[in-house]
Amino acid sequence: MTLSGRDAYREELTALAAEDPSIVCLEADLGGKNHPFQTAHPDRFFNVGIAEAAMIDMAAGLAAGGYKPFVSTFAPFAALRAAESLKLTLGYLNAGVTVVAPYAGVSGAWFGTTHHCLEDLAVLRSVPGVTIAAPYGEAEMRAVIRSAARDGRPHYIRTGRNAAYESLPVPGTELPPVNWESEGDPGDVCLVSVGEEGTRLALAARAATGVSHAHLVYADHEHLAESAAELAGRHTRFVVVEEHRSQGGVAEALALLLPGCEVTSVAAGQGWPSAGGDHQEVMASLGLDLPAVLAAVARARHGRPAAAAGGSVRACVR
């Protein structure tokens, strides 16, 4: 069985720590009773309780002491509640701390708006020097964790709750800046997917339309600049699908990096979920579903201006 992103993170980190005694794991009261890292390495596992900012501050001190801290808590509590500590630790201090944030987007669903996070990419992308990743599937998550442990740079890694997806095949041994899942007509629209649900929707839309599909794992400025150069070498019209608000998201960044291209965003709208539902139902209530992606592709193909409809925000930049 393919593991969810957060379970793949825990397993991979536990395995890496067996070979690297400098790796430590901190959790904010969400590890459960059978956390594999705690079982295998109890002297390097710290459950700090619901004190997210203090956890980030502790990680900064551990990094200064030569350790490689990996910390994990829900995305809204990491990116929003502990935002100042993140800015100082990952940005100002450039500490080698990796933050793994499950429950990103609206994957919390029934937990309600306090447990949703559609703003984390905007917050973290505004902090220089942070490597930001949104892996799709177990293999990508494991590769991102290995890379973070190896290079020692500040990382923010975004994942969902329990969804488990099969990662896209990777050419070679390292994750490329752009993974071309499907290469169609260069004159046609190209889907660009980010994260778990953005990639799931883009795969479904690509199957229905036959357009190209470019998948991105990394969402920080340094990686996006490299990805934009490759994208612009093959296409001029893009539909970016991401489980995030359009403000501060990947589509907005690519629009600035691709001034000669048309970039359309299918994102999570401007509303706040007011009713319960599962993950996909809450996404649909915000205008982020397959019909919205298909409509955006159709508009981009026919050169019509983007328009807000069904709660989804779509912005074209030429």
query: Of all residues at least two apart in sequence or in a different chain, which pass the ring-ring contact (aromatic ring centres under 6.0 Å, His included) check with H221?
result: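 In terms of ring-ring contact (aromatic ring centres under 6.0 Å, His included), with neighbours along the sequence ignored, H221 is linked to no residue.
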Set of ring-ring contact (aromatic ring centres under 6.0 Å, His included) partners for Y165, sequence neighbours left out: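 Once residues adjacent in sequence are excluded, the partners of Y165 under the ring-ring contact (aromatic ring centres under 6.0 Å, His included) criterion are Y136.
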Partner residues of [X] under the salt bridge (charged side-chain N to carboxylate O under 4.0 Å, His left out) criterion, sequence neighbours left out:
X	result
E183	R234
E222	R153
E12	R142, R146
R206	E181

message: Strictly by side chain to side chain donor-acceptor pair (under 3.5 Å), give each pair with a member in residues 119-134 just once, sequence neighbours left out.
response: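 Only E119-R245, D120-Y156, D120-R158 qualify under side chain to side chain donor-acceptor pair (under 3.5 Å).
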message: Holding to side chain to side chain donor-acceptor pair (under 3.5 Å), I want the full list of residues that pass it with E242, two or more places apart in sequence or in another chain.
response: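 Result, side chain to side chain donor-acceptor pair (under 3.5 Å) vs E242: none returned.
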message: Going by side chain to side chain donor-acceptor pair (under 3.5 Å), name the residues that satisfy it together with H115, two or more places apart in sequence or in a different chain.
response: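 In terms of side chain to side chain donor-acceptor pair (under 3.5 Å), with neighbours along the sequence ignored, H115 is linked to no residue.
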Results of side chain to side chain contact (heavy atoms under 4.5 Å, CB included) for A205 - residues two or more places apart only: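 With sequence neighbours excluded, A205 shows a side chain to side chain contact (heavy atoms under 4.5 Å, CB included) to L191, L290, V293, L294, given in chain and number order.
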- request: Starting from W272, walk the hydrophobic network (Ile, Leu, Val, Met, Phe, Trp, Tyr; side-chain heavy atoms closer than 4.5 Å) and list everyone else you reach, by chain and number.
  value: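 In the cluster with W272 there is nothing else; it is isolated.
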query: W180 pairs by side-chain hydrogen bond (donor to acceptor under 3.5 Å, both in side chains) with which of H213, E230, H215?
result: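 With W180 as partner, H213, E230, H215 yield a single side-chain hydrogen bond (donor to acceptor under 3.5 Å, both in side chains), made by E230.
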message: Show me the pairs that pass ring-ring contact (aromatic ring centres under 6.0 Å, His included) and involve residues 78-106, at least two apart or across chains.
response: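 Matches after skipping sequence neighbours: F74-Y103, Y103-F111.
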